[in-house]
There are 2 protein chains.
Amino acid sequence: MLVSGGPRLRGRYHHGDLAPALVEAGLAQLGERGPAAFSVAEVARRVGVSTAAPYRHFADRDTFLAAVAARAATLLAAAMTEAVDGLADPAERLAGAAGAYAAFVAEHRVGLDVIFSPGLRAVRDTDLAATGRAVMSRLLDPSRELAGDGALHLVEQVVALAHGYGTLDADGFLTADRVTDEPTTARARRAALALIAGASGAGARAVVPPSRP
Amino acid sequence: MLVSGGPRLRGRYHHGDLAPALVEAGLAQLGERGPAAFSVAEVARRVGVSTAAPYRHFADRDTFLAAVAARAATLLAAAMTEAVDGLADPAERLAGAAGAYAAFVAEHRVGLDVIFSPGLRAVRDTDLAATGRAVMSRLLDPSRELAGDGALHLVEQVVALAHGYGTLDADGFLTADRVTDEPTTARARRAALALIAGASGAGARAVVPPSRP
DNA sequence: GTCTATAGAGCGATAGAC
DNA sequence: GTCTATCGCTCTATAGAC
C-alpha cells in the first residue's frame with residue numbers, strides 16, 4: 001500500500017503514515033527473503049525512505065521484526081478463522097485450520113516459530129503475544145472437542161504437520177518433485193484429517209504418551 | 001575432532017587434514033546457529049585457522065555449505081537406518097525413520113530443505129545428491145509396502161510431519177510450552193504412527209488425492 | 001597450505017542538519 | 001520526521017608473502 005502519487009517521488013519523500021507502511025513492506029519482504037535475511041535497511045529502501053527513517057518508529061531491528069510478526073499473526077488468525085467458518089465437525093475445523101496455517105507459512109514464511117521466537121520474546125510485544133494466543137486457540141478449540149485432555153498432544157502433532165508442509169513448500173521442496181499440482185492448503189488439510197483419524201480412531205493411546213512408571 | 005596438542009596453538013597452525021576438519025566444524029556450527037547464519041569465517045575461527053584458509057579447499061561459501069550438507073545427509077541416512085534396524089513392520093519402519101529424521105533436524109538444523117536446497121543445487125555436489133536419495137529411500141521403501149502407488153503421497157505427509165517436529169523443536173517452540181518431557185524422537189514417531197494408521201486405516205482416499213475431472 | 005592484509009559490500013545504529 | 005553522512009562491525013573473496 002503506497003500513498004497516492006505513486007511509489008517513486010523525487011527528492012524528499014514525505015509519508016503520511018510511515019510505521020504501518022513499513023510493517024506492510026516488512027511483511028512482503030519476509031515472504032520473499034525469509035526471517036533470517038530480514039533487514040531494516042532493505043525494507044526502508046522498498047518503501048522509499050532512508051535507512052535511518054525506520055528508527056524513528058521502532059527502537060531496533062528486533063522491535064521492528066516483532067511488529068511485523070504481530071501483523072502476520074493477525075493475518076494468520078484471520079485466515080484460519082475464515083478457513084473454518086461454517087464448519088461444524090471439529091475434525092474438519094482442526095484440519096481446515098491446519099491447511100490455512102500451512103498455506104500462510106508457505107507464502108509469508110512466518111509461523112509459530114517466529115511468533116513465539118525466543119529472540120523476539122525479549123521485546124515483549126503485547127500484540128504479538130495476544131495474537132499468538134489467538135492463533136493457538138483456533139487449533140486448540142476443535143482439538144479439545146476431539147481429544148479432551150489429550151488436546152495439547154493432538155495440537156502439537158497437527159501443528160508439526162502443518163508447519164512442516166509450510167516450511168518445506170516455502171523452501172521449494174514440495175514444488176521440486178511435485179507429485180500433484182494440488183495446492184499446499186489441500187494437501188496439508190488432507191494429511192491432518194488422516195492424522196486426526198489415526199490419532200483418535202486407533203485409540204487415544206496414539207495421542208497421549210504412555211504414563212511413566 | 002582436533003589434532004593432538006589441543007585446539008589453541010600459538011603462531012602458525014599447521015593442520016594435517018583441514019578440509020574434513022572444516023566440514024566437521026561446519027556441521028557443529030550449523031547445529032548451533034542454523035543454515036542462514038552459516039559463515040565461512042566463523043567456521044575457520046572455530047577450527048583455529050585464518051579466514052582465508054577454507055578457500056584453498058572450497059571454491060566459495062556455497063560449495064563449502066554443500067559439502068557440509070552432504071556430510072549431514074550421510075549422518076542422517078545412517079541415523080535413520082539404525083533407527084529402523086531389525087524392524088519388520090513397515091509402519092514401524094516408516095515411523096521410526098520419521099522419528100530419527102525429526103531428532104536429527106532438531107539437533108543439526110539440517111533436513112531435506114537444505115539437502116535439496118535450490119541454492120545448493122547449482123553447486124551440483126554429487127555426494128549431496130546421492131546421499132539425499134539415500135535418505136529418501138529410507139522413507140520410500142517402507143512407504144511402498146504400505147501404500148503402493150500412494151507411496152509418494154504418504155512419504156510427503158510423513159516427511160512434513162517429521163520436518164515440522166524437527167524445525168519447531170530447533171526453534172524452541174516445543175520446549176517452550178512443553179507438555180511432556182518425552183524426547184522429540186518419540187513424539188514424532190508416535191505422531192507418524194497415528195498418521196500412517198489414519199492414512200491407510202480410514203481408507204486410501206486419505207492418502208491419494210481425488211482424481212481430477 | 002597457511003598466513004597477513006586488504007578490497008568491497010551490507011547491515012545496525014547514531015549524530016546532526018533541516 | 002525525514003534526510004545525509006558516518007562509524008563500527010561482519011562477511012566473502014582475493015593477492016601476495018612465507
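Within every chain, numbering begins at 1; the chains are lettered A, B, ... in the order of the sequence lines, protein sequences first and strands thereafter.
Spacing between atom CZ of A:F58 and atom P of C:dT14 amounts to 15 Å, rounded to whole angstrom units. One can place NE2 of A:H57 at 16 Å from C1' of C:dT14, the figure rounded to the nearest angstrom. At whole-Å resolution of the value, CZ in A:R56 and P in C:dC18 are 16 Å apart. Taking atom CG on B:D17 and atom C1' on C:dG1, their separation rounds to 12 Å, with Å as the unit.
Exactly one residue among A:I115, A:D125, A:V114 makes a side-chain contact (heavy atoms from CB on, under 4.5 Å) with A:L120. That residue is A:V114.
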Point to revise | side-chain contact (heavy atoms from CB on, under 4.5 Å) assessment of A:R46 paired with A:E32 | key: CA-CA 12 Å; A:R46 177 188 282 253; A:E32 291 167 21; 2.7 Å; yes

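Under the 6.0 Å cut-off for aromatic ring centres, A:Y55 and A:F64 do not qualify, their centroids lying 6.0 Å or more apart.
Side-chain polar atoms of A:T81 and A:R138 form a donor-acceptor pair below 3.5 angstrom.
Proximity note for A:A52 (side chain, C-beta onward) versus C:dG1, C:dT4, D:dA5: the nearest is D:dA5.
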Could you list, one pair per line, each protein nitrogen or oxygen that sits under 3.5 Å from a nitrogen or oxygen of nucleotides 8-12 of chain D, together with the distance?
from, atom 1, to, atom 2, distance (Å)
D:dC11, OP2, B:R45, NH2, 2.5
D:dT12, OP1, B:V40, N, 3.3
D:dT12, OP1, B:R61, NE, 3.4
D:dT12, OP2, B:V40, N, 3.1
D:dT12, OP2, B:A41, N, 3.1

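Partners of B:E82 by salt bridge (Lys or Arg N to Asp or Glu O under 4.0 Å), not counting sequence neighbours: none found.
B:E42 CD to B:Q29 CD: the interatomic distance, rounded to the nearest 0.5 Å, is 4.0 Å.
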